[in-house]
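Every chain is numbered from 1, with letters handed out A, B, ... down the list of sequences. Worth saying up front: this structure is predicted, and the values here are computed from it rather than measured.
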Number of protein chains: 2
Amino acid sequence: MEMPRLNFYYLSPHLLDLLPAKNGEEPTIQFLLEVVDILTNYVKKTFDRSTKVLDFHHPHQLLEGMEGFNLELSDQPESLEQILVDCRDTLKYGVRTGHPRFFNQLSSGLDIIGLAGEWLTSTANTNMFTYEIAPVFVLMEQLTLKKMREMIGWPSGEGDGLFSPGGAISNMYSVMIARYKYFPEVKTKGMSAAPRLVLFTSEHSHYSIKKAGAALGFGTENVILLSTDERGRVIPADLEAKIIDAKQKGYVPLFVNATAGSTVYGAFDPINEIADICEKYNLWLHVDGAWGGGLLMSRKHRHKLSGIERANSVTWNPHKMMGVPLQCSAILVREKGILAGCNSMCAGYLFQPDKQYDVTYDTGDKAIQCGRHVDIFKFWLMWKAKGTIGFEQHIDKCLDLSQYLYNKIKNREGYEMVFDGVPQHTNVCFWYIPPSLRGMPHGDERREKLHRVAPKIKAMMMESGTTMVGYQPQGNKVNFFRMVVSNPAATQSDIDFLIDEIERLGHDL
Amino acid sequence: MEMPRLNFYYLSPHLLDLLPAKNGEEPTIQFLLEVVDILTNYVKKTFDRSTKVLDFHHPHQLLEGMEGFNLELSDQPESLEQILVDCRDTLKYGVRTGHPRFFNQLSSGLDIIGLAGEWLTSTANTNMFTYEIAPVFVLMEQLTLKKMREMIGWPSGEGDGLFSPGGAISNMYSVMIARYKYFPEVKTKGMSAAPRLVLFTSEHSHYSIKKAGAALGFGTENVILLSTDERGRVIPADLEAKIIDAKQKGYVPLFVNATAGSTVYGAFDPINEIADICEKYNLWLHVDGAWGGGLLMSRKHRHKLSGIERANSVTWNPHKMMGVPLQCSAILVREKGILAGCNSMCAGYLFQPDKQYDVTYDTGDKAIQCGRHVDIFKFWLMWKAKGTIGFEQHIDKCLDLSQYLYNKIKNREGYEMVFDGVPQHTNVCFWYIPPSLRGMPHGDERREKLHRVAPKIKAMMMESGTTMVGYQPQGNKVNFFRMVVSNPAATQSDIDFLIDEIERLGHDL
């Protein structure tokens, strides 16, 4: 590393005028307000349908440097003016995930209260490990988790939980605590202290269960995939058959994941029937409600998670269906104390027992993390501002919109649904069939051609920047579009726009 | 869950006037600016030494509700006016981690550029899994990681890496990839496909290595603690002896963690000597530089990490010594491709191979997470604004300050150093001996009394709200203060203040 000595650039007044500099208050506020001006302009434009969703560039284009926007870092500082330009350009070349026509991900939208909450969180810049340095946030987390457990239906909202850095980590927690519950000696002795353990999850479930199996030392071969019906829901008889099969092979079934809202189809596994089997064979039941958990907020739709109160643990990501800014994921556990039992290491430097306050509020040792970002405040603030009924209205509206889309295309020329019937969640999965393929007999040639349609339309969509929607293959089904609605800004006209756009871009393929 | 029907509260104009409401621009900007006003006032006061570091309340006091501040969530929405009050109160009852006299944690300070970066990140509200939805951030991450690898000293900055949700997770990654390197079949077959593997780390190292051992299925008993010298540095001969011992027992040594900047003493393990042993026995060498990695930015201090270029992986948390807002932690890996090999599951719905751009930029499958928070932007922006030399100056200044503290107290009446000699990092560990204990002969009674001194002073400090510094026991050493400096706002006068305050509060104990 070669670096020149301190030189005059660094002495340019701007950066050094900011706090903690003497008399730094005024330049600091001025700088922050200039940033806020950039951000509020971005917010305004994000909601403006005449703005593009994105201004697409290839990686090499951005790496070569757009005019005035150079990603390279250097030894010397830039001026604050350039920093403001960099902020503007970063937003300019990014993707407006809050745009009413951004449908690409399960997380979309830009909630203003949540945004304010994140700005405050960054300003407070603290850490969840102890009450000592995050008193308010630690209590908010406890109260919010209790509310969520009440909604799950655990008696009096009792139990435990944590906010974690995302659904994959929350799901990983569920596997860890299941293992700890049945084989606590694995914590000290490792997996060799347990028999060959197997986990069960749907072939439609999120890949994080498999990732957890790999990471935690089970091995992906011991993550057994369950067959589903044509709607992507686990077939309970298949679960039971595979449990029996595993036992016959001498393996020990440990854990079943039921998905409440699968990633692609939005399918809800039949929790009650799965819970019956888990009880019969004494297995841990986890419900991955990362995507579908939000429906618990809706009196109209919560029946889709019926039986969730029988789960031992639940993943629920408010950053998906509930529109909370990223990241906000909770792992909720019915049994108190087991998270701490599984994870605590009692580090003296953080968790001193001889503090002046009630140290049961020092919850950090329950986590696999040490430092833990404050993910609770934005969610708490949104809940305050909307009330439970505000979330309910948001969810009901999104489900109505997806039903509108379903009704619009189910019999429309040029569309085929990937599965029949009204979607359970906001996922609407469909193929667009360009006119050139409409008369073609079903067979390999048509399959191959159809497989290339969605990627081509998507690429054109991104290049024109008008809207974004996801696609993927699933099992033996070739690439199809997966539409999801979680954005509170979306309306029927945006759904119409999406369909028009697919047809405009795909018509001549 | 019982909820009343939609009622007039929700129809109060305020919340529903915000975007995405029609004509919502003006009320939205107005609301956000009111929030920013609260935040900028908080920022100003944070740097003002006449402001308290905290306004301490016990958990039950906050739970019972302070005037106008009620943490409970309800079905009905609150007014936006109340939301603003809630924001103010959340800050009021929190801890000012950016205050020049907050020394409680390895992460402290409030960097204005970093703060602006976080505000922008929340506004962009996207996710790191694909280039598709985070083009600029994905490239910034790659360029920044390359810069960091260059500073480590890996040829041409080659290698791999990711930003993860904290040092504990980064350390967990290192253990996972070491296992994958030597026993790749564990990914599919689980730990039963490997012999009994052992990990080595210092008794002074961070507890996350043990947590990783527990989580990943090694078992904490297979995390072997290494003895240290009186300064908390691993004794290489002890490592070699323990490797030989493990092999004699039939275990398979896999992984050695060398700490670069231990949590309590700030000790730097002798990396070169440890690397020699790792090479001799063919073990993975990880350097946990979560706390000390920042010193690589300083030409004066980087020699303390000499040998780090021989590591297979490195944890480095810019959110600690470099003053980047939380969270910002990197796991850096010398061998390319191994992160993906270890973690990828190739989920079709996210990582489509048939996109129009170069999909090697879709880095999400390398992570154990699916969604991943954008932690890079604030760091990138700070690097742009300060240049490498700006970080260097910050680090040199903090180390100078801690040497100032060391010089001030090493021979001062009423102080005993926990270890002799100039600290390697900014950690200064010391006992304050109140006058009542100064004449007392060394022995159990004095030990017990001294053990209670730091907690008592700390409690009084928090109640008076004037400053905060950490304490803990370590091994057979009773509670002592651990002073750390990472806050760019701290000056010699703040160090003087801390000492005065300890003496004021502890004099009559």
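Contact of A:Ser107 with chain B is not made at all, since no heavy-atom distance falls under 4.5 Å. Proximity to chain B (any heavy atom under 4.5 Å) is shown, for A:Glu132, by both the backbone and the side chain. With a threshold of 4.5 angstrom between heavy atoms, B:Ile169 approaches chain A through side-chain atoms but not through N, CA, C or O. In this structure, chain A has no heavy atom under 4.5 Å from any part of B:Ser208. Both the backbone and the side chain of A:Tyr357 come within contact range of chain B, each with at least one heavy atom under 4.5 Å from a heavy atom of that chain. Only the side chain of A:Asn479 has a heavy atom closer than 4.5 Å to any heavy atom of chain B. Contact of B:Thr263 with chain A is made through the side chain alone, with heavy-atom distances under 4.5 Å. Using a 4.5 Å cut-off between heavy atoms, A:Arg96 does not touch chain B at all. With a 4.5 angstrom heavy-atom cutoff, A:Ile112 touches chain B via backbone and side-chain atoms both. With a threshold of 4.5 angstrom between heavy atoms, A:Ala490 does not approach chain B through any atom at all. For A:Ile38, no part lies near chain B; criterion is any non-hydrogen pair under 4.5 Å.
Chain B forms more heavy-atom pairs under 4.5 Å with one residue of A:Ile83, A:Asn317, A:Val95, A:Asp354 than with any other, namely A:Asp354. When A:Leu115, A:Leu19, A:Val35 are compared by the number of non-hydrogen pairs under 4.5 Å with chain B, A:Leu19 comes out ahead. In terms of non-hydrogen atom pairs under 4.5 Å with chain A, the most contact-rich of B:Leu73, B:Ile29, B:Leu71 is B:Leu73. No other option in A:Thr40, A:Val136, A:Asn125 has as many heavy-atom pairs under 4.5 Å with chain B as A:Asn125. The most heavy-atom pairs under 4.5 Å with chain A, out of B:Lys210, B:Glu118, B:Glu221, B:Met191, come from B:Glu221. Of the listed residues (A:Cys370, A:Gly166, A:Gly348), the greatest number of heavy-atom pairs within a distance under 4.5 Å of chain B belongs to A:Cys370. In terms of heavy-atom pairs under 4.5 angstrom with chain A, the leader among B:Glu463, B:Arg482, B:Met462, B:Met176 is B:Met462. Note: B:Leu381 leads B:Val264, B:Thr28, B:Thr360, B:Leu381 in heavy-atom pairs under 4.5 Å with chain A. Taking A:Gly94, A:Gly98, A:Ala124 one by one and counting their heavy-atom pairs under 4.5 Å with chain B, the maximum is reached by A:Ala124. Looking only at heavy-atom pairs under 4.5 Å with chain B, the residue among A:Asp358, A:Leu62, A:Thr90, A:Val186 that has the most is A:Thr90.
For the residue pair A:Thr144 and A:Trp383, no side-chain donor N or O sits within less than 3.5 Å of a side-chain acceptor on the partner. Donor-acceptor pairing under 3.5 Å is recorded for the side chains of A:Lys458 and A:Asn104. At a cut-off of 3.5 Å, with distance as the only test, a side-chain donor of B:Arg196 or B:Asn222 sits close to an acceptor on the other residue.
Between B:Tyr361 and B:Tyr131, the angle of the ring planes lies from 30° to 60°, which puts this pair in the tilted group. In this structure, B:Phe377 and B:Phe137 have perpendicular ring planes: the angle between them is above 60°, well past the 30° mark.
Partners of A:Thr97 under the side chain to side chain donor-acceptor pair (under 3.5 Å) rule, at least two apart in sequence or in another chain, do not exist in this structure.
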